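Report on one structure; see the data block that follows.
All figures in this text were calculated on a predicted structure; none of them were measured in a lab.
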Amino acid sequence: MVIGHIPREMLYMILSYCFELGINTYEDIARACRTNKVLEVITRGKEPCGYTFRRFLDDSPHLLIKQLFLGSLVDLNDLKFLEFLQLFIDSTDGIVRGSRHYTINNDKIKAFELLNNHNLLHNNTKTSKKILLEGLKNILKENENDDDIEKLTRLIKRNLDLFNKRNYNSIPDLKKILEEENRKTISITFPNSVLMKTKNGRFDFAFNIHTVMTNNKIMVTGLVSNKANDDNCIEDLLGELIENLYLLLELQKKYGQRRNYKEIEQALDNAILVFDSGYFELENLKSIDKHNINAIILSRKISRQINNQIREDNNLAPKNKNKTNPEKDSRKSLKQVPEGYICKNNKLLKLTRQWEIQKRDNSQKELPEQLRENAYVYTCSGCSKCPYNKTCNLQTVKDIMTPLEYEMNRKSLKQRYQKIYKHRFHCSEGINGYLKIKNGILNLIGTTTTAVQNEIYLRGLYYNIIRKTNLKDTIY
């Protein structure tokens, strides 16, 4: 199959090489095809333009791209590298080409409607912009004491280039996204992306990219989400993973050499899913419970406790969240164990009381018991002879959480699961680190949601091909 006069295989080879170089715009890829010696060999005298790559990512059926990606798993499975003992899940932000300065919100929609009612929207010429500014003066004169009109005119002057006829034609679609997704601001150039605080410390329009990988550092699933954090994401992620395993089974039967069909069928039943602590949230826990998945999600406190232990084992200073007063005693400073907490005098605070708290949400009759918030009180019985007895304010500790959260905490504190969790960093961060080739940031090439979804699986395919080479080197 070809896009224009360029075969898809050639386009993928070009994109893979550009992934490696960290080139992340269609125009720069097209320019590299004319100047880069390696790409000149791949293109064999052809000069694809930026629009060719745009069409490749936009128009390629997502199922086809996904099957190409899963083909790498069939290959790895035939080599006996694909195992489903543990699956590690993490997320990273993928920054898109959505301008932070070219956005729309409810106030700007009102400004568009005001200009349209007075026939003042410009068409990007100097004359039409001048007419718009003159028209604003007349509007202000007619509404001299109207603070709302004055506010809108100031907004229009600050963002004059935004208020053109072409952007006004997009308002119905943009308004629909604002209402349906309950968002305050969206990018006009990439409305499906979401404004989030990214790893570079600033706010950018981006997607949340969730990846699932095996303990052999093989990527098995990638999910593109426009949720700014990991809350309420596991339901969609499990749906994508289940679909991928089903398609993998079909491809293995059709093209693979191994006949370990039962192993693939029962992958989710037998695997332990290890999530980053950002996924510790009630809706996510409900999804795990609903699908009866064997999973570990550490709360941020327990995760910080384990990470500090790893830092101490490597002769590094532990991180203290209480930066203003690191010596201050707080519940965060207590070590958590399955039976309760350990105080700084190395005494155990045991669970002594538990009750369902009086809360409006808890009064809903249809709410299951495991989702009703409870109070869990831990008390130390050896305080009388403790040297910190007079100054300690942690003789009793109370946690508020649902039984579902409580059971997940107890499970994740077991030594067996903590040992597994420690492998998460080099598995998940290894793949995410590879995706973020340039300056530790993943800049996505795609300019539509479909293009980004296809791009993530093409990047995953390229990663798995390289990973297969690395794994084969270890057995010879």
Side-chain angles (χ1 to χ4, degrees), residues 83-94 196 199 207-245 267-310 336 338 370-371 401-436 442 456 460:
E83 298 176 347
F84 298 103
L85 299 175
Q86 292 113 31
L87 295 175
F88 298 89
I89 297 93
D90 202 355
S91 66
T92 189
D93 41 74
M196 64 173 72
K199 298 293 190 295
F207 282 107
N208 207 355
I209 311 298
H210 304 269
T211 48
V212 182
M213 29 285 180
T214 69
N215 50 332
N216 247 353
K217 301 180 185 176
I218 295 166
M219 180 174 162
V220 294
T221 293
L223 177 70
V224 176
S225 168
N226 64 350
K227 294 175 182 174
N229 52 42
D230 299 334
D231 292 355
N232 199 14
C233 286
I234 288 183
E235 187 67 32
D236 293 337
L237 185 62
L238 288 177
E240 184 78 2
L241 179 57
I242 290 167
E243 181 182 325
N244 280 8
L245 291 172
L268 271 184
D269 296 329
N270 298 328
I272 299 172
L273 275 64
V274 184
F275 291 85
D276 177 70
S277 61
Y279 292 91
F280 192 90
E281 179 262 343
L282 189 56
E283 291 300 321
N284 284 335
L285 294 176
K286 284 162 65 175
S287 295
I288 287 171
D289 186 59
K290 169 186 167 184
H291 292 279
N292 196 26
I293 299 293
N294 186 8
I296 314 169
I297 313 180
L298 272 64
S299 66
R300 294 188 185 277
K301 181 184 182 305
I302 298 173
S303 174
R304 186 165 57 249
Q305 177 179 304
I306 293 176
N307 291 339
N308 277 339
Q309 185 60 54
I310 294 172
Q336 204 164 351
Q370 60 183 5
L371 301 180
M401 62 181 70
T402 65
L404 200 61
E405 292 168 314
Y406 173 76
E407 289 302 327
M408 179 57 75
N409 270 344
R410 287 198 66 193
K411 180 180 180 180
S412 60
L413 285 164
K414 292 179 180 178
Q415 194 169 10
R416 175 200 172 197
Y417 291 115
Q418 290 200 6
K419 188 176 180 181
I420 294 171
Y421 179 81
K422 289 179 181 180
H423 295 294
R424 183 199 67 81
F425 184 82
H426 68 80
C427 285
S428 60
E429 295 295 337
I431 292 179
N432 285 339
Y434 181 83
L435 291 175
K436 299 180 284 189
L442 172 58
I456 290 302

Check: Just how far is it from atom OG1 of T211 to atom CG of L87, taken to the nearest 0.5 Å?
Finding: 11.5 Å
Notebook entry, point to check: Quick one: ring-ring contact (aromatic ring centres under 6.0 Å, His included) pairs with a partner in residues 214-238, sequence neighbours left out?
Noted result: none
Check: Does K286 use its side chain to pair, donor to acceptor, with the backbone of N232 at less than 3.5 Å?
Finding: no
Notebook entry, point to check: How close do G222 and E240 get, heavy atom to heavy atom, and via which atoms?
Noted result: O-OE2, 3.8 Å
Notebook entry, point to check: When rounded to the nearest 0.5 angstrom, what is the spacing between CZ in F280 and OG in S303?
Noted result: 11.5 Å
Checklist line | Close side-chain approach of V274 to H423, heavy-atom, < 4.5 Å | finding: no
Check: If only atom types and distance count, is the side chain of N244 paired as donor or acceptor with the main-chain N or O of V220 below 3.5 Å?
Finding: yes
Notebook entry, point to check: Is a side-chain N or O of D276 found less than 3.5 angstrom from the main chain of G278, in a donor-acceptor match?
Noted result: yes
Check: Partners of N270 by side-chain contact (heavy atoms from CB on, under 4.5 Å), sequence neighbours excluded?
Finding: Q266
Check: M196 and A228: which non-hydrogen atoms are nearest, and at how many Å?
Finding: CE-CA, 3.8 Å
Next item on the list: For E235 and K290, work out which heavy atoms get closest and say how close.
Entry: OE2-NZ, 3.2 Å
Check: If you round to the nearest 0.5 Å, how far is CZ of F207 from OG1 of T92?
Finding: 14.5 Å
Item checked: Heavy-atom side-chain proximity of F84 to L245 below 4.5 angstrom -> yes
Next item on the list: Determine, step by step, whether Q370 and L285 satisfy the side chain to side chain contact (heavy atoms under 4.5 Å, CB included) criterion, reporting the C-alpha distance in whole Å, the side-chain angles of both residues, the deciding distance to 0.1 Å, and the verdict.
Entry: CA-CA 11 Å; Q370 60 183 5; L285 294 176; over 6 Å; no
Checklist line | Minimum-distance pair of heavy atoms, taken over all atoms of K414 and P338 | finding: N-CG, 4.4 Å
Item checked: Set of side-chain contact (heavy atoms from CB on, under 4.5 Å) partners for N215, sequence neighbours left out -> E83, L85, Q86, F88
Check: What residues, two or more places apart in sequence or in another chain, satisfy side-chain contact (heavy atoms from CB on, under 4.5 Å) together with K301?
Finding: S299, R304, Q305, Q336, Y341
Next item on the list: Measure the CD1-CG distance between I302 and N409 for me, rounded to the nearest 0.5 Å.
Entry: 4.0 Å
Item checked: Any side-chain heavy-atom pair of L413 and Q418 under 4.5 Å -> yes
Notebook entry, point to check: Side chains of I209 and D93: closer than 4.5 Å at any heavy-atom pair?
Noted result: no
Margin query: I'd like to check the side-chain contact (heavy atoms from CB on, under 4.5 Å) partners of N284; sequence neighbours left out, ordered by chain and number.
Written below: I234, Y279, E281
Note to self: Using 0.5 Å steps for rounding, measure from the CG atom of L298 to the CD1 atom of I306.
What the structure shows: 4.5 Å
Next item on the list: Tell me, with the steps shown, if I297 and I288 meet side chain to side chain contact (heavy atoms under 4.5 Å, CB included).
Entry: CA-CA 10 Å; I297 313 180; I288 287 171; 3.3 Å; yes
Check: What closest approach, in Å, do N229 and N208 show between heavy atoms, and which atom pair accounts for it?
Finding: O-ND2, 3.1 Å
Item checked: Qualifying ring-ring contact (aromatic ring centres under 6.0 Å, His included) pairs, either residue in residues 402-422, two or more places apart -> Y376-Y406
Next item on the list: Answer whether the closest heavy-atom distance between the side chains of M213 and D90 falls below 4.5 Å.
Entry: yes
Notebook entry, point to check: With a 4.5 Å limit on heavy-atom distance, are the side chains of R416 and I296 in contact?
Noted result: no
Next item on the list: First locate atom CG of L223, then atom CD1 of I456, and finally report the distance between them rounded to the nearest 0.5 Å.
Entry: 10.0 Å
Check: Is the count of non-hydrogen atoms from other residues, nucleotides or ligands lying under 6.0 Å from D269 atom CG greater than 12?
Finding: yes
